[in-house]
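What follows is a short report on a single structure.
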Amino acid sequence: MHEKFLKPYDSTTTESRIYAEWEKSGLFNPNECVRQGVTNPNAPAYSIVLPPPNVTGRLHMGHALMLAIEDIFIRYKRMKGFRTLWIPGTDHAAIATQSVVEKQIKKDEGKGRHDIGREELLKRIEAFAAESHDTIVSQMKTMGASLDWSREAFTLDEARSRAVRNVFKQMYQAGLIYRGLRIVNWDPKGQTTISDDEIVYEERPATLYIFRYSKDFPISIATTRPETKAGDVGVAVHPDDARYKSFVGKEYDVVFCDVPLHIKIVADKEVDPTFGTGAVGLTPAHSQTDWDIADRHELSHESIIINEYAKMTVAGRLEGKKTTEARDIVIDWLKSEGLLEKEENIKQSVATAERTGGIIEPLPKLQWFVEVNKKVPGRGKTLKELMLEPVRSGAIKIIPEYFEKTYFHWIENLRDWCISRQIWYGHRVPVWYKGEDIVVGIEPKEEGWIQDEDSLDTWFSSGLWTFSTLGWPEETKDLTTYHPTDLLETGYDILFPWIARMILMTEFTLNTIPFKNVYLHGLVRDAQGRKMSKSLGNNLDPLDIAAKFGADAARMALVVGNTPGTDMRISEDKVKGYKHFSNKLWNIARFVLENTKDVKISASLSKEDIDILSVHTDLIKEVTNDIEEFRIYMAAEKIYHYTWHELADHILEVSKPIFANGDAAAQTSRKVLLMTLFDRTLRLLHPFMPFVTEEIWQSMPTKDASFLMVAKWPS
RNA sequence: GCGCUCUUAGCUCAGUUGGUUAGAGCGUUCGCUUCACACGCGAAAGGUCGGAGGUUCGAAUCCUCCAGAGCGCACCA
């Protein structure tokens, strides 16, 4: 027996050494597994593409959970003999990364993005991204993730850029990407448009003002934003509203706070007659609903009164004022004119930008969109339908299943996807202009073409992730072997922005699904159930936890009892419990190795020992089944329970008298039994606690492969 | 407004899709320097499974209603 077993298990020195040995062996790469003869060249493939963490800093416990779950499936399948591929990568995360760096520059140097300039800002962001990347990679390795680093990808590298330009061009040619003047979600703080999914609604108290445009205007209207009324072109009422029926179709000229308005009264069923006064002032340029109503009644869209900096552009006393100041001015004016009839306190959910916190200002802007309700040429179906179908048919299975309903519900409400952003970091829109001419996809050779200034929503490139990482648009061997991928594992919070987009993009580009199974994990919360955040200071850093208790312990603490789709709580105490388990395993190794020195593994078992072994065989079946059915939270618990409370507490204890004074045959049988049980237990436990199991197994006489990582799964 | 989830031991959660006395971890109490391990061992206490009905031979599990908690989407003039 190696003398290392005489001291308690030390995870810190062991884990880094073991990872280096695995990496050096090359066995994270399935091609190398085949070359070294540990995997059959014709074995079925199993693949996962890692959800690429944003290069915005360091990994948190949610990432650690993601790595643990995916590594468990990967290691299990690898031991099962599959050609198993897990591709690592990182996400440039456009807006998120740029805003982190911009904030830092503002803080350190007091400068904004335009003081720095496009080129210099990009340089700074790239330096920051590179540093984050290195930190993240080393964190992933610390967690024991058996990722094939030879295939590492970045959403903004050259290969992925080629994929992005290619898909953009194809979608444009298919008529599914268009440039249009639409109301977009403008973030005045970040100075960019954002998509519907990047909005966070915040409930806030607001005042509902009820007033008339002028003394002789016949209808009072209600609004929470009086300043926008300077952009009104009409008033809408419900067609069945008896109070206003006689006014429908009439037109009025008024002067509202120095601004001349021409107001037409229209009837539209969109209006809720029970809200406010039942009459809506229409501001088509600054409200999506109003824009739509104006469309139906042929009213002008062009009355833009607020600019990108949330300042008023009308002449008169409001000119150049911020919207918040303008609101006070309008209210004062209404009061002084005797036009304000009532003020009500109401609750309102305010749209804010998730990255900057800026209050969204709906503005009409010329932007690029993906059209989701138009038939895809050659498919006879819309993108929306193509997103629904594979989940409906079961080709894609979502775990837990109830999220499928949430998914359907979201798709039904889906509108065209605004993909252009006014930021600098990211894939630049691959469109070039020269006068009226436009070229899409590849930069024209001739002089005089100017590229679109905008960049693409980061989810456009991550939507291609399952196939761009496998080499598309090249027709690679990897692509035919590993796509569609087997499992996509991520947090339920990005079901919509990411998973739905991947299905859309893959259906469009490859006529197939990106993955067969979606495993959604919940949020990792602190011991009190609070979200981990910088401001609360309750973040647990996976690196600290791994350093203190070992990555194995951290993985077990994250996985045991953690059902998919449900938020979990984690505390240092829980991790500590599994550190003790690592040590327990270590001591079992010591006992088994000490007591089986001259064991002949081929010797036959006694009747009693055959029974004990068969219980373990049942465990193997159950655990295998649990993993296959995505119940790894249960598989982990079962192995833990068997190892500690059956193997250690019971079997080892009753073996002591046998070794002390049993007959020779009983002793031989028992030695074989313990060695067999422990060897199989290490194999079962390896996907969950890869380091300590590998370290022990290297000293086992049953060792039949270079690493436990590529040893056979027991049956 | 539409939809989803949760409510099980003091705490955090399981309960493999209806089947014998409902489980785990942590915590609590008591006893152990037992030669693998005090990062340990042995024992014990603790739950009418949110409430009310229903289906069934049988319900924590399925159905209906009610109460409480959380979340998503939409609206928000």
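Note on naming: letters A, B, ... go to the chains in the order of the sequence lines (proteins, then strands), and numbering restarts at 1 for each one. Quick caveat: nothing in here was measured; it's all calculated off a predicted structure.
Taking atom NZ on A:Lys531 and atom C1' on B:rC71, their separation rounds to 11 Å, with Å as the unit. The CD1-C1' distance, from A:Ile588 to B:rG40, rounds to 12 Å in whole Å. What separates CD1 of A:Ile210 from C1' of B:rC76 is a distance of 14 Å, to the nearest Å. Going from atom CG of A:Leu282 over to atom P of B:rC76 covers 12 Å, rounded to whole Å. Separating the CG atom of A:Asp649 from the P atom of B:rA36 is a distance of 14 Å, rounded to the nearest angstrom. A:Asn413 has its CG atom 14 Å from the P atom of B:rC2, to the nearest Å. Between A:Glu594 atom CD and B:rC35 atom P the separation is 12 Å, expressed in whole Å. Computed from coordinates, the A:Arg415 CZ to B:rC73 C1' distance equals 12 Å when rounded to whole Å.
The gap from the P atom of B:rU5 to that of B:rA45 amounts to 38 Å, rounded to the nearest Å. Across the C1' atoms, B:rU64 and B:rG1 are found 23 Å apart, a figure rounded to whole Å. Atom C1' of B:rU12 sits at a distance of 11 Å from the matching atom of B:rG27, rounded to the whole Å. Nucleotides B:rA52 and B:rG42 are separated by 45 Å at their C1' atoms, to the nearest Å. Annotation: B:rU8 and B:rC49 have their C1' atoms spaced 4 Å apart (nearest Å). Using C1' as the reference atom, B:rU48 and B:rG31 are 33 Å apart when rounded to the nearest Å. Here the separation of B:rG46 from B:rC39, taken at their P atoms, is 30 Å to the nearest Å. Taking atom C1' in both B:rG19 and B:rA36, one finds a spacing of 41 Å when rounded to whole Å.
With sequence neighbours excluded, no residue forms a side chain to side chain donor-acceptor pair (under 3.5 Å) with A:Thr490. Applying the side-chain contact (heavy atoms from CB on, under 4.5 Å) rule to A:Glu341 yields the partners A:Ile210, A:Arg212, A:Ser220; only residues at least two apart in sequence or on another chain are considered. For A:Asn583, the side-chain contact (heavy atoms from CB on, under 4.5 Å) test picks out A:Pro8, A:Tyr9, A:Trp586, A:Asn587, with sequence neighbours left out. Evaluation of the side-chain contact (heavy atoms from CB on, under 4.5 Å) rule for A:Glu404 yields A:Val391, A:Ile398, A:Glu401, A:Phe408 as partners, not counting sequence neighbours. Considering only residues two or more places apart in sequence or on other chains, A:Arg569 meets the salt bridge (Lys or Arg N to Asp or Glu O under 4.0 Å) condition with none of them. Checked against side-chain contact (heavy atoms from CB on, under 4.5 Å), A:Ala635 has the following partners two or more places apart in sequence or in another chain: A:Val623, A:Asp626, A:Ile627, A:Phe688.
Listed nucleotides: B:rG40, B:rC4, B:rG25. Nearest to the side chain of A:Tyr640: B:rG25. Considering only side-chain atoms of A:Tyr201, the nucleotide from B:rC73, B:rA36, B:rC76 that sits closest is B:rC76. The side chain of A:Lys638 has B:rU16 as its nearest neighbour among B:rC41, B:rU16, B:rG72. Closest to the side chain of A:Trp410, out of B:rC73, B:rA36, B:rC76, is B:rC73.
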Tell me, for nucleotides 5-15 of chain B in 5' to 3' order, what letter each nucleotide earns: B for a base near a protein heavy atom under 4.0 Å, S for only sugar-phosphate near one, - for neither?
-> S------SSSS
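Within the structure, every pair that satisfies the salt bridge (charged side-chain N to carboxylate O under 4.0 Å, His left out) test and touches residues 489-504 of chain A, not counting sequence neighbours, is listed here: A:Asp197-A:Arg501. Every pair passing salt bridge (charged side-chain N to carboxylate O under 4.0 Å, His left out) that includes a residue from residues 688-702 of chain A is listed here, sequence neighbours excluded: A:Lys4-A:Glu695, A:Arg17-A:Glu695. Within the structure, salt bridge (charged side-chain N to carboxylate O under 4.0 Å, His left out) contacts touching residues 640-658 of chain A (residues at least two apart or in different chains) are A:Glu653-A:Lys656.
The base of B:rC76 sits within donor-acceptor range of the side chain of A:Ser349, with an N or O pair under 3.5 Å. For A:Glu412 against B:rA74, a side-chain-to-base donor-acceptor contact under 3.5 Å is absent.
Residue whose closest nucleotide on RNA chain B sits further toward the 5' end, between A:Ile199 and A:Val280: A:Ile199. Heavy-atom distances to RNA chain B give each of A:Glu401 and A:Asn583 a nearest nucleotide, and the one nearer the 5′ end belongs to A:Glu401.
When the side-chain nitrogen and oxygen atoms of A:His580 are compared with OP1 and OP2 of B:rG40, one or more of them lie within a distance under 4.0 Å. Residue A:His645 has no polar side-chain atom (N or O) positioned under 4.0 Å from OP1 or OP2 of B:rG23. Side-chain N/O atoms of A:Thr289 include none lying less than 4.0 angstrom from OP1 or OP2 on B:rC75. A:Lys584 has no side-chain polar atom (N or O) that falls below the 4.0 Å cut-off from OP1 or OP2 of B:rA36.
Between the side chain of A:Thr283 and the backbone N or O of A:His286, no donor-acceptor pair lies under 3.5 Å.
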Base-pairing string, 5' to 3', of RNA chain B - Watson-Crick or wobble, under 3.5 Å, | interstrand | (((((((..((((.....[...)))).(((((.......))))).....(((((..]....))))))))))))....
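Distance check: A:Ile331 CD1 to A:Thr207 OG1 gives 7.0 Å after rounding to the nearest 0.5 Å.
Among the heavy atoms of the strands lying under 4.0 Å from A:Thr224 are primed sugar atoms or P, OP1, OP2 only; no base atom is included. If you check every strand for non-hydrogen atoms under 4.0 Å, A:Ile346 touches nothing. At the heavy-atom level, A:Phe581 lies nowhere under 4.0 Å from the strands shown. A:Lys656 comes within 4.0 angstrom of a nucleotide base, judged by non-hydrogen atoms across all strands.
Nearest heavy atoms, A:Arg225 versus A:Thr323: NH2-CG2, 3.9 Å.
A salt bridge links A:Asp598 with A:Lys671: the distance from a Lys NZ or Arg NE/NH1/NH2 to an Asp or Glu carboxylate oxygen falls below 4.0 Å. Ion pairing of A:Lys264 with A:Glu298 is absent here, as no side-chain N (NZ or NE/NH1/NH2) approaches a carboxylate O to less than 4.0 Å.
Listed by residue number, the members of residues 687-699 of chain A with any heavy atom below 4.0 angstrom from RNA chain B form an empty set.
For the side-chain contact (heavy atoms from CB on, under 4.5 Å) criterion with A:Ile632, the lone passing option out of A:Asn562, A:Thr563, A:Ile69, A:Val560 is A:Ile69.
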